[in-house]
Protein chains: 2
Amino acid sequence: MVSRRNLTILDVAHTAGVSTATVSRALNGGKISTRTLLRVDDAVRKLGYQRNTLARGLVTGKTGIVGVCVPDVLGPLYAQMARGIEDVLTPLGMQYTLLTSSRDGGREGAATRFLLEQQVDGLILIGSQLSAPELTALVGDRPAVLVQREADATPYPTLSLDNAQGAQAALEHLFENGHRRVAHIAGVRRDGRARQEAYEGVMRAAGLTPVVIASDSTESGGTLAAAALADYPEATAVFCSNDRVALGLYHALRGRGVRVPEDLSVVGFDDLPWGEYLAPPLTTVRQPGREMGRLAARLVLGEKAVTESTSVEPELVVRASVCAPRGGDPSLPA
Amino acid sequence: MVSRRNLTILDVAHTAGVSTATVSRALNGGKISTRTLLRVDDAVRKLGYQRNTLARGLVTGKTGIVGVCVPDVLGPLYAQMARGIEDVLTPLGMQYTLLTSSRDGGREGAATRFLLEQQVDGLILIGSQLSAPELTALVGDRPAVLVQREADATPYPTLSLDNAQGAQAALEHLFENGHRRVAHIAGVRRDGRARQEAYEGVMRAAGLTPVVIASDSTESGGTLAAAALADYPEATAVFCSNDRVALGLYHALRGRGVRVPEDLSVVGFDDLPWGEYLAPPLTTVRQPGREMGRLAARLVLGEKAVTESTSVEPELVVRASVCAPRGGDPSLPA
DNA sequence: GTGCTGGGTGTAAACGTTTACACTTTGCTG
DNA sequence: CAGCAAAGTGTAAACGTTTACACCCAGCAC
């Protein structure tokens, strides 16, 4: 039992006194008599036999694996998506292979190719930066779904958060609390840009002038942005492109003696797990990662999408980082 | 190019006007003339051919994949380990498959079995709860390494953080700052228990009586623990079993008007990414996840371990959640 | 007793690669 | 010019499964 050098179905067949076909049927639930089934089971257990998925996949053309490409294993949001994917895959006896795409530029293509060469049954590409032609050339007509990407020239269904709606909800919440001079700390990736555009649109529609502070999408980006924010002292609120930026901002503001929310209201985006434990608990826009994961998995398994491009709705979660601006409600556009 | 129904090496051979063996050699860098290499390359590109890893692995007996089993995709620490594993695998042209083990009890065995059936070249089991016999029966003599597990009756090398040393460092830091009445919020898993034992040992060795508050290892566990802590008002400091607990504790203390560190010093464990941005920045014991990942990967690839069981050293990172206790240094054991 | 049905089983051909071996060609040595 | 090495290529046998097909045999109707 210890020397598991190369234990095949043939060994099982031999010790059970049947043919390989019968063993295969026993393993996969084909037509078989209870008596032989038992005999095969015994042999399997006695030998400690483990099936070879490679050989199996080669002949069946199915591997039971869905490939998932995430930009970064470290993101809690991606982890939540992974969990959602798992939610639908495991009950089906399927699994997923997780790969990191954006290690350094070129990795995404390589990672995707690797998954395809592994004959995955489907591909979930999260936050893909690949161009539409690259994508189609690579993936061909295999089942794939693009998460965190708007519908584009690819034949694959896309699934994305409605960033515009999220930004709008955040800003409306701010407006309702009497804020008019709201700055935005912008992010870098697709989502970041979408949020920024939405911010600008909503501000303009309200007759206000947008103020955008560029930043990467990390905590240190948030702390850096605090300095830039000092150049815009009239601001009574900040809409952050995500929670990590908000966290960094919190930190820097504290250092500058600016109180949240009394001196400056802050809204985040994503609703990461630690947000509710901050001081003050962060008001933010919840991105339903797990649900998106579930949806993506169902889509890749062939569930018909209602439209080419599904968009899921974010939800504002109000906590304590927003209050009325100090000078009361100026009720005047900037 | 669009219909990628079943493009094999044979098709490439055909359009390049050579044999399959030659194509294979061209693909894998065997002896081949530059002229034919070019022809094959052209054909590959023209057809959009992608190799079939299944068939390849079947004959070579190697897949270039390392299987990784983590308790929970959501843990940032595991993500860091994954990154470390990636650090060593990618340069070698290898990849890893990530699976979640502890979804609900039984999953770990299934996940491990699944990886083995996929013919992974090695197995990295993080925080495995399986018993030694279960493990050996399942894994047999395939290369495997156990992370976050002390050496036990299995034939596989283990790799674990020296929790005792971490706890000791945390407590010594507290002692140096004049604390004597230090409570501990305990965690649940292997690591949690190890830290608790170390805490108790160090306290006793210092002639102090340990005070342990049971808790799960989450934020809400930390907030709950705050209430229990009220029954032990003499405590001047708390050593938390991990950062998440510390975060929850921070939150609850704030609600009770207890200031950190003036009224109560707090030390965490793990050094999660948000720790330095808290108010006050959290003093904690850094667990070098990425390095552990790297090490685990090297071990599983066959690098000889110095001993059966490697233990990596944590590092105290001092920030601002510890100061001298209010009443000055009592200099007296409890 | 003949013929049929149908459940259970075995035989053998795939699946798409790699690779040992044999073969051809070329260039060189003696 | 014979002989040989070396380089490049093709042939075919693996690898460990699944599955179409053929087969056997018991049970049963006629």
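Chain A is the first sequence line, chain B the second, and so forth, proteins listed ahead of strands; every chain is numbered from 1.
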Which nucleotide in the set [options] lies at the smallest distance from any side-chain heavy atom of [X]?
{"X": "V18(A)", "options": "dT18(D), dG16(C), dG10(C)", "result": "dG10(C)"}
{"X": "A55(B)", "options": "dA7(D), dG16(C), dT17(D)", "result": "dG16(C)"}
{"X": "S19(A)", "options": "dG10(D), dT18(C), dT11(C)", "result": "dT11(C)"}
{"X": "S33(A)", "options": "dG8(C), dT18(C), dT18(D)", "result": "dG8(C)"}

Without decimals, in angstroms, what is the distance between [X] [atom1] and [N] [atom2]?
{"X": "I9(B)", "N": "dT17(C)", "atom1": "CD1", "atom2": "P", "value": "5 Å"}
{"X": "Q119(A)", "N": "dC15(C)", "atom1": "CD", "atom2": "P", "value": "14 Å"}
{"X": "Q50(A)", "N": "dG16(D)", "atom1": "CD", "atom2": "P", "value": "14 Å"}
{"X": "L58(B)", "N": "dA14(D)", "atom1": "CG", "atom2": "C1'", "value": "9 Å"}
{"X": "R51(A)", "N": "dC15(D)", "atom1": "CZ", "atom2": "C1'", "value": "17 Å"}
{"X": "N52(A)", "N": "dC15(C)", "atom1": "CG", "atom2": "P", "value": "18 Å"}
{"X": "K62(A)", "N": "dG16(C)", "atom1": "NZ", "atom2": "P", "value": "13 Å"}
{"X": "R25(B)", "N": "dT18(C)", "atom1": "CZ", "atom2": "P", "value": "11 Å"}

I'd like to know if the side chain of [X] reaches the main chain of [Y], judged simply by a donor and an acceptor atom lying under 3.5 Å from each other, with no hydrogens or angles considered.
{"X": "N28(B)", "Y": "G30(B)", "value": "no"}
{"X": "R39(B)", "Y": "A16(B)", "value": "yes"}
{"X": "T63(A)", "Y": "Q119(A)", "value": "yes"}
{"X": "E134(A)", "Y": "S131(A)", "value": "yes"}

Quick one: is [X] getting a side-chain N or O under 4.0 Å of the [N] phosphate, OP1 or OP2?
{"X": "N28(A)", "N": "dT18(D)", "result": "yes"}
{"X": "T36(A)", "N": "dT9(C)", "result": "yes"}
{"X": "T22(B)", "N": "dG10(D)", "result": "yes"}
{"X": "Y49(B)", "N": "dT17(C)", "result": "yes"}

Would you indicate what S24(A) reaches in the nucleic acid, counting non-hydrogen atoms under 4.0 angstrom: base, sugar-phosphate, or nothing?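 It contacts base atoms.
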Considering every strand and a 4.0 Å limit on heavy-atom distances, what is the contact class for T53(B): base, sugar-phosphate, or nothing?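 Counting heavy atoms under 4.0 Å across all strands, no contact is made by T53(B).
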Given R83(A) and D72(B), is the salt bridge (Lys or Arg N to Asp or Glu O under 4.0 Å) satisfied, shown in steps? CA-CA 9 Å; R83(A) 207 165 220 200; D72(B) 184 358; 3.7 Å; yes
Which comes earlier along DNA chain C counting from the 5' end, the contact point of A21(B) or that of L54(B), where each point is its nearest nucleotide?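 Per heavy-atom nearest nucleotide, the more 5' residue is L54(B).
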